[in-house]
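Being a predicted model, the structure only gives us computed values, none of them experimental. Start at 1 and go down the list; that is how both ligands and their atoms are numbered. Numbers for residues simply follow the sequence, beginning at 1.
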Amino acid sequence: MTKLRLAIVGAGPAGIYAADILLKAERKFDVSIDLFEQLPAPYGLVRYGVAPDHPRIKGIINALRDVLDRGDIRIFGNVRFGVDITLDDLKHHYNAVIFSTGAVEDAPLDIPGIDLDGSYGAAEFVSWFDGHPDVPRTWPLEAESIAVIGNGNVALDVARMLAKHPEDLLPTEIPANVHEGLQQSPVTDVHVFGRRGPAQVKFTPLELRELGELNDVDMILADEDFDYDEASKAAVASNKQVMVIDRVLQHWRKRETGQASRRLHLHFYAKPLEVVDDGSGKVAAFRYERTRPDGQGGVEGTGEIREVPIQALYRAVGYFGSPLPGVPFDSRHGVIPNHEGKVLHPESNERVPGVYATGWIKRGPVGLIGHTKSDAMETISHVINDQADWWAPAEPEEEAVVALLESRGVAYTDLEGWHLLDQHEIALGEPQGRARIKVVPREEMVAISRAQPSGTGTPSA
Ligand SMILES: Cc1cc2nc3c(=O)[nH]c(=O)nc-3n(C[C@H](O)[C@H](O)[C@H](O)COP(=O)(O)OP(=O)(O)OC[C@H]3O[C@@H](n4cnc5c(N)ncnc54)[C@H](O)[C@@H]3O)c2cc1C
């Protein structure tokens, strides 16, 4: 029977679902899958994006772990595509590759002052509070007043993590250095700014409602933002999600405030204009133009300029994919150009045989974890039907790729290694009654995964 040797690059939900769907699919050939992941631990943004105080969503890791624990997918962690292994290597050892490398960069916000000291991308901060091994261990939390730009769930995550009292995060899996860092924060006011009105936000009701449940944090709203136009009224009346969001916001408007030590302000109809310099290159204020409904469900500028004094700003205006060496890339949209997951040359639109994409790198950084499953189904259906286009590898044997990584001194981690790290993190949390405490430094993650005492370096690197 023919055998498909498939490489999948990126062990986030998209990559793991793709492997699972292929293994369960009806097909006329055998399959052997190797999953390459640049980090020593799998699960992508579920481990390193979803906020630590969202244990229900983090719990999706259990379902992904069940897939890996079946043992029919080999995982090579701590292996970076483009550095440790290349497209030519994959062609030498596999019949096809699926890229599921996601998106980890911040989309740009092109306004003056965005590069000032104290202005950050949400993705960097998220990586820090979720213990990503490749970002610094400390984060500058010196501001009393902070602006968060954006009206999606990531903006809410960032605002919540900044406003929440650190002891309320202790039952979660936040790393020790993150808890310590947050304890130093003198923050009193977090201001979230969106260009449009309350009826046009991209938050989901569940995530919004959570803000109102924060201990010792007042929700502050301005009455002027709730003078709805006809389009907004129609949206509230006809769309259940908008209706619930409106209900939550109206409830907060009526609540008594003034007792809490921290405040979370939601500002609507605010178009970013500039991050104001304090004269020494640091953030001093956020300047915006007040907008108003344009009657079509959008907004237009009013010409009224306002300023809020702040000392730090986080832009949460979207994520963006990164190019991979040797793989086509659409730099406008931050994705691998593709048709239903089949990768295309950007100029000619011709098919690149043997190369596929799935997840956020395929369709852009929008949508929930569940959406990566339907994505994977579409991509996998093409992998199955494209047998005539598969590569003909010179060394398809499973041991050959192991020999290649070892010959290059790559300290890869495997499924057994992940189990060791997982158990180690759970054991660290146990004495404190916490579900786990994440190990953050990459060397330590690799050392634990490869059953080495910490600090002795990687085995073969
Ligand atoms: C801050 C934030 C909060 C979120 N919260 C939620 C939520 O509450 N609920 C929800 O349903 N969804 C949430 N999402 C969305 C969810 O995380 C995504 O839908 C999902 O993770 C996308 O999956 P993916 O596999 O395409 O990408 P990713 O999860 O990003 O996985 C990609 C993987 O590829 C690896 N990789 C990248 N480059 C390379 C390389 N060169 N070599 C090898 N490996 C590589 C990465 O390390 C990563 O492990 C959130 C997203 C963000 C950013």
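Of all protein heavy atoms, the one closest to atom 9 (N) of ligand 1 is I57 CG2, 3.4 Å. From the protein, the heavy atom lying nearest to atom 28 (P) of ligand 1 is L45 N, 3.8 Å. Counting protein heavy atoms only, atom 31 (O) of ligand 1 is closest to G12 CA, 3.4 Å. Residue, atom and distance of the protein heavy atom nearest to atom 13 (C) of ligand 1 are V50 CG2, 4.1 Å. Among all non-hydrogen protein atoms, the one lying nearest atom 11 (O) of ligand 1 is I369 N, 3.0 Å. Shortest contact from atom 1 (C) of ligand 1 to any protein heavy atom: G49 O, 3.4 Å. Nearest protein neighbour of atom 47 (O) of ligand 1, counting heavy atoms only, is E37 OE2, 2.6 Å. Atom 43 (C) of ligand 1 has Q38 N, 3.2 Å as its closest protein atom, hydrogens excluded (heavy atom only).
The distance from ligand 1 to the heavy atoms of S100 drops below 4.0 Å at these ligand atoms: 32 (C), 33 (C), 34 (O). Residue G359 has at least one heavy-atom neighbour below 4.0 Å for each of these atoms of ligand 1: 26 (O). Those atoms of ligand 1 that come under 4.0 Å of a heavy atom in V9, given as number and element, are 42 (N), 43 (C). For ligand 1, the atoms closer than 4.0 angstrom to any heavy atom of T372 are 22 (C), 23 (O). Ligand-side atoms of ligand 1 in range of D157: 3 (C), range being under 4.0 angstrom from any heavy atom. Listed by number with element, the atoms of ligand 1 under 4.0 angstrom from any heavy atom of L324 are 41 (N). Distances below 4.0 Å separate heavy atoms of V154 from the following atoms of ligand 1: 1 (C), 2 (C). Each of the atoms 29 (O), 31 (O), 48 (C), 49 (O) of ligand 1 lies under 4.0 Å from some heavy atom of G44.
Salt bridge D134/R442: present, at least one basic N to carboxylate O contact under 4.0 Å. A salt bridge links K3 with E398; the closest basic N to acidic carboxylate O contact falls under 4.0 Å. Note on D218 versus R263: no salt bridge recorded, every NZ/NE/NH1/NH2 to OD/OE distance being 4.0 Å or above. In summary, R47 and E425 engage in a salt bridge, as defined by a charged side-chain N under 4.0 Å from a carboxylate O. Taking a cutoff of 4.0 Å between a charged side-chain nitrogen and a carboxylate oxygen, R408 and D89 qualify as a salt bridge.
The aromatic ring centres of Y120 and W128 sit 6.0 Å or more apart.
Closest heavy-atom approach to atom 20 (C) of ligand 1 within the set P365, G82, P13: this belongs to P13. Of the candidates F81, Y319, Y43, F129, it is F81 that places a heavy atom closest to atom 42 (N) of ligand 1. Taking all heavy atoms of G77, P42, A14 into account, the minimum distance to atom 25 (O) of ligand 1 is reached by A14.
Between Y43 and W418, the two ring planes are perpendicular [angle over 60°; tilted spans 30° to 60°]. Using a 30° and 60° split on the angle between ring planes, H267 and F193 fall in the parallel class, below 30°.
In this model, no donor atom of one side chain and acceptor atom of the other lie less than 3.5 Å apart for H345 and E350. Between the side chains of D69 and H419, at least one donor-acceptor pair of N or O atoms lies under 3.5 Å. Checking N215 against H165 by side-chain atom types alone, no donor-acceptor pair falls below 3.5 Å.
From E173, atom CD reaches atom CZ of R436 across 6.0 Å, with rounding to the nearest 0.5 Å.
Contact annotation: for L39 versus ligand 1, heavy atoms closer than 4.0 Å belong to the side chain alone.
Cation-pi geometry between R315 and F125 is not satisfied (NZ or CZ under 6.0 Å from the ring centre, within 45° of the ring normal).
Residue E207 has no nitrogen or oxygen atom sitting less than 3.5 Å from a nitrogen or oxygen atom of ligand 1, judged on distance alone.
Between G367 and ligand 1 there is a heavy-atom distance shorter than 4.0 Å. Using a non-hydrogen distance threshold of 4.0 Å, V79 registers as a contact of ligand 1.
Proximity of F286 to I149: side-chain heavy atoms (C-beta onward) are separated by under 4.5 Å at one or more points.
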